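Keep in mind that the numbers below use all heavy atoms, side chains included, and drop hydrogens, waters and symmetry copies. Letters A, B, ... mirror the listed sequences (proteins, then strands); counts begin at 1. The shown structure was predicted, so the numbers you read here are calculated from the model rather than taken from an experiment.
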Amino acid sequence: MLLPYKPQAYQLLHDGALTLAEIEGNGIQIDVEYLDKAIADTNAKIADLNKKLQKSEVVEKWKKAFGHKANLNSNEQLGKVLFEVMGFECPERTDTGRYKTDEKTLASVDHQFVKDWLEIKKLDKAVGTFLMGIRREVFDGLLHPSFNLHLAETFRSSSDSPNFQNLPVRNLEIMTLVRSAIIPRKGRRLIEIDYKGVEVAVAACYHKDPTMITYIKDKTKDMHRDMAAACYKLKVDQVTKMARYAAKNKFVFPQFYGSWYPDCAKSLWQGIDELKLETKNGVPMKQHLASQGITELGECSYKEKPAPGTFAHHIMMVEKHFWGKRFPVYAQWKRDHFERYKTTGYITTKTGFICQGYMKRNEVINYPVQGAAFHALLWALIRMQRAIKKYKMKSLLVGQIHDCVLGDVPENEDAQFCEMAQDIMVDKLMKAWKWLIVPLEIEIEKTPVDGSWNLKACEK
DNA sequence: AAACAGTGCGCG
DNA sequence: AAAGCGCGCACTGTTT
């Protein structure tokens with residue numbers, strides 16, 4: 001019988017559990033007064049929006065269809081009202097054949113009611129899951145989320161009560177609403193230190209693809225920019241920040257996680273309108289693509305290949321080049337690694353863990369990367385906590401989100417804290433883990449003194 | 001009342 | 001040959 005760890009892996013989890021317990025004990029300061037007001041204000045806003053919604057003729061149709069069972073919160077009922085009663089076209093079904101009613105699918109329904117309904121859902125989520133989730137758990141002004149090491153299949157961590165690892169950050173309005181409640185202790189800052197691109201770097205330590213290693217090491221090179229150029233048929237100097245963002249999140253990462261061209265093509269094509277993409281010279285992206293001979297997405301069937309001249313066909317070719325010509329060593333590693341699993345029934349991580357049991361291809365490929373990337377952070381957390389004690393610092397570690405650590409730091413320890421982080425997270429770790437063959441980097445963001453978490457920013 | 005499956009959505 | 005990885009939480013609608 002294979003043990004699920006080697007000695008060093010056991011030691012990492014043991015020390016990690018102790019450190020995370022201390023982080024939980026420290027707790028995060030909450031602005032309770034703000035939190036209560038935010039909950040009340042947001043509930044009032046939702047009530048207003050609901051009043052507006054009630055005036056819509058859609059509500060009459062809804063009530064007629066469902067009678068006393070009508071429930072405006074029900075996604076299933078919304079699907080029936082829109083796609084059966086009102087005759088809108090439903091572009092996608094769920095796994096069980098029901099109408100899909102997530103935000104992405106509903107974007108195709110052009111009706112004010114749907115926009116208002118989604119707005120309410122968004123605020124409901126913010127207040128119901130996040131604001132109330134925090135409120136329920138606060139004690140004496142402190143929040144003590146749990147951090148678990150025994151739950152994730154990949155030997156990553158998880159967090160609950162409340163989950164500290166999924167607080168809103170991508171939507172400015174919702175991020176501000178929720179993160180304004182999270183503050184440093186008096187006279188201090190919150191300092192968040194992230195590993196930059198740690199999963200890409202750790203993956204490179206497994207597959208050792210020379211082109212990928214160059215991308216990571218050479219700061220003049222930029223993989224996401226280059227892939228934006230390829231996906232949208234641009235010259236490299238015509239790639240905007242948004243086009244790079246689209247390529248990164250709709251092509252590169254999905255490809256790494258095991259997605260493929262029909263899904264990537266759809267997503268990249270939708271991204272053009274959603275993100276209002278243009279060339280750097282200001283030419284709308286669809287117009288630019290038309291000048292390159294591409295005017296339509298084309299059929300994205302899983303069975304037939306797309307027609308030449310369509311965007312889907314173009315992305316198919318980009319994908320072929322991506323794995324066949326750009327990163328062939330990475331592609332070969334994926335094949336070899338999966339074959340090895342099929343022979344032996346288990347996989348090992350660079351950090352000494354063993355994952356066994358039934359896994360799908362994409363899981364086999366992703367688990368060792370996801371796990372080991374987190375273990376870099378865990379290793380550093382343990383040593384940062386020890387250093388804080390050793391040097392009798394007043395700084396406190398208060399949270400952790402997979403590849404970043406959150407500190408609550410007095411103003412006069414700011415520099416010392418950041419130097420310590422650089423020393424442990426980068427210099428010491430690179431020396432300790434010989435298998436790290438590409439440099440890791442960190443990025444530091446700070447709130448103002450006494451400023452809440454939504455105000456975090458890079459210095460300079 | 002409690003448990004369960006299904007769906008949707010927040011994060012890395 | 002398959003076709004996006006890992007989590008936690010809230011809610012609906014049904015079953016126990």
Side-chain angles (χ1 to χ4, degrees), chain A residues 66 69-80 92-106 118 121-134 136-137 145-171 174-175 177-179 192 194-200 203 249-267 300-303 316 319 323 334-335 338-339 342 355 359-371 373-374 377 399-404:
Chain A
F66 288 96
K69 286 189 172 163
N71 178 357
L72 284 192
N73 292 321
S74 166
N75 283 66
E76 193 175 352
Q77 291 187 14
L78 176 71
K80 285 181 178 154
E92 220 174 327
R93 303 294 179 118
T94 68
D95 289 341
T96 59
R98 297 176 170 93
Y99 303 115
K100 203 152 175 59
T101 54
D102 61 355
E103 192 181 1
K104 189 168 148 283
T105 310
L106 291 176
L118 282 170
K121 274 269 160 176
K122 188 148 268 175
L123 291 172
D124 259 335
K125 174 84 178 164
V127 75
T129 299
F130 299 114
L131 296 178
M132 290 300 291
I134 293 169
R136 197 161 42 231
E137 298 287 344
S146 291
F147 293 102
N148 316 295
L149 289 177
H150 62 296
L151 294 175
E153 290 277 332
T154 57
F155 296 99
R156 235 196 195 185
S157 67
S158 76
S159 169
D160 65 77
S161 308
N163 183 352
F164 189 66
Q165 297 176 323
N166 73 342
L167 297 174
V169 68
R170 296 172 195 172
N171 176 305
I174 304 295
M175 181 275 274
L177 177 66
V178 174
R179 293 195 180 213
E192 186 180 323
D194 298 54
Y195 276 120
K196 280 170 83 174
V198 65
E199 283 201 19
V200 173
N249 294 301
K250 296 169 191 294
F251 184 83
V252 177
F253 280 125
Q255 287 286 331
F256 286 168
Y257 289 143
S259 185
W260 68 320
Y261 70 86
D263 293 328
C264 290
K266 257 184 270 174
S267 177
C300 286
S301 151
Y302 284 21
K303 288 179 183 154
M316 180 180 80
E319 180 187 279
W323 292 111
K334 294 208 289 189
R335 285 191 288 272
F338 187 45
E339 288 307 316
K342 285 197 288 189
C355 305
M359 285 174 267
K360 288 183 267 193
R361 176 185 170 277
N362 286 339
E363 293 169 340
V364 170
I365 289 163
N366 288 318
Y367 281 16
V369 176
Q370 188 181 101
F374 166 67
L377 181 83
Q400 163 270 126
I401 314 175
H402 307 302
D403 65 357
C404 81

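Val369(A) comes within 4.0 angstrom of no nucleic acid atom, judged by non-hydrogen atoms across all strands. Using a 4.0 Å heavy-atom distance criterion, Glu103(A) is classed as a sugar-phosphate-only contact. Using a 4.0 Å heavy-atom distance criterion, Pro254(A) is classed as a base contact. Residue contacts shown for Lys121(A) are absent, as no nucleic acid heavy atom lies under 4.0 Å away. Phe130(A) comes within 4.0 angstrom of the backbone, heavy atoms only, and of no base. Base contact: Gln370(A) has a heavy atom under 4.0 Å from a base atom. Residue contacts shown for Arg170(A) include a base, since a base heavy atom lies under 4.0 Å away.
For Thr105(A), the side-chain hydrogen bond (donor to acceptor under 3.5 Å, both in side chains) partners at least two apart in sequence or on another chain are Asp102(A). In terms of the side-chain hydrogen bond (donor to acceptor under 3.5 Å, both in side chains) criterion, residue partners of Lys342(A) (sequence neighbours excluded) are, by chain and number, Glu339(A). Considering only residues two or more places apart in sequence or on other chains, Phe253(A) meets the ring pair (Phe, Tyr, Trp, His ring centres under 6.0 Å) condition with His224(A). With sequence neighbours left out, Phe147(A) forms a ring pair (Phe, Tyr, Trp, His ring centres under 6.0 Å) with no residue at all. Every residue two or more places apart in sequence or in another chain that forms a salt bridge (Lys or Arg N to Asp or Glu O under 4.0 Å) with Asp263(A) is listed here: Lys266(A). With sequence neighbours excluded, no residue satisfies side-chain hydrogen bond (donor to acceptor under 3.5 Å, both in side chains) with Ser161(A). Partners of Tyr261(A) by ring pair (Phe, Tyr, Trp, His ring centres under 6.0 Å), not counting sequence neighbours: none found. Applying the ring pair (Phe, Tyr, Trp, His ring centres under 6.0 Å) criterion to Tyr99(A), with sequence neighbours excluded, gives Phe83(A).
Residue side chain Tyr257(A) fails the stacking definition with respect to dG4(C), as its ring centre and the base's six-membered ring centre are not both under 5.5 angstrom apart and under 30 degrees in plane angle.
With both ends at atom C1', the span from dC9(B) to dG4(C) equals 16 Å, rounded to whole Å.
Here dA3(C) presents its C1' atom at 14 Å from CG of Asp95(A), a figure rounded to the nearest Å. Per the geometry, CE belonging to Met359(A) stands 17 Å off C1' belonging to dA2(C), to the nearest Å. Rounded to whole angstrom, the span from the NE2 atom of His402(A) across to the C1' atom of dC5(C) amounts to 12 Å. The nearest whole Å value for the distance from the NZ atom in Lys266(A) to the P atom in dA3(C) is 14 Å. Between the C1' atom of dG4(C) and the CD atom of Glu319(A) lies a distance of 12 Å, rounded to the nearest Å. Rounded to a whole Å, the CD1 atom of Ile365(A) is 16 Å from the P atom of dA1(C). Taking atom NZ on Lys303(A) and atom C1' on dA3(C), their separation rounds to 14 Å, with Å as the unit. Protein atom CD of Glu339(A) is 13 Å distant from nucleotide atom C1' of dA2(C), rounded to whole Å.
Paired runs in DNA chain C that reach 3 or more consecutive Watson-Crick or G-U pairs, where each pair keeps both distances under 3.5 Å, cover B:1-12 with C:5-16.
For DNA chain B, the contact window with chain A, defined by any atom under 4.0 Å from a protein heavy atom, covers dG6(B) to dG12(B) in 5' to 3' order.
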Next item on the list: Would you sort out whether Lys122(A) and Glu103(A) count as a salt bridge (Lys or Arg N to Asp or Glu O under 4.0 Å), showing the intermediate values?
Entry: CA-CA 10 Å; Lys122(A) 188 148 268 175; Glu103(A) 192 181 1; 3.4 Å; yes
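Using a 4.5 Å heavy-atom threshold, the side chains of Tyr257(A) and Asn366(A) count as touching.
Atom-to-atom distance recorded for Leu151(A):CG and Ser158(A):OG is 4.5 Å, nearest 0.5 angstrom.
For residues 146-160 of chain A, every residue pair satisfying the salt bridge (charged side-chain N to carboxylate O under 4.0 Å, His left out) rule, not counting sequence neighbours, is listed here: Arg156(A)-Glu199(A).
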Notebook entry, point to check: For nucleotides 7-16 of chain C, read 5' to 3', which letter fits each nucleotide if B means a protein heavy atom sits under 4.0 Å from the base, S means only the sugar-phosphate is that close, and - means neither?
Noted result: SBSS-SS---
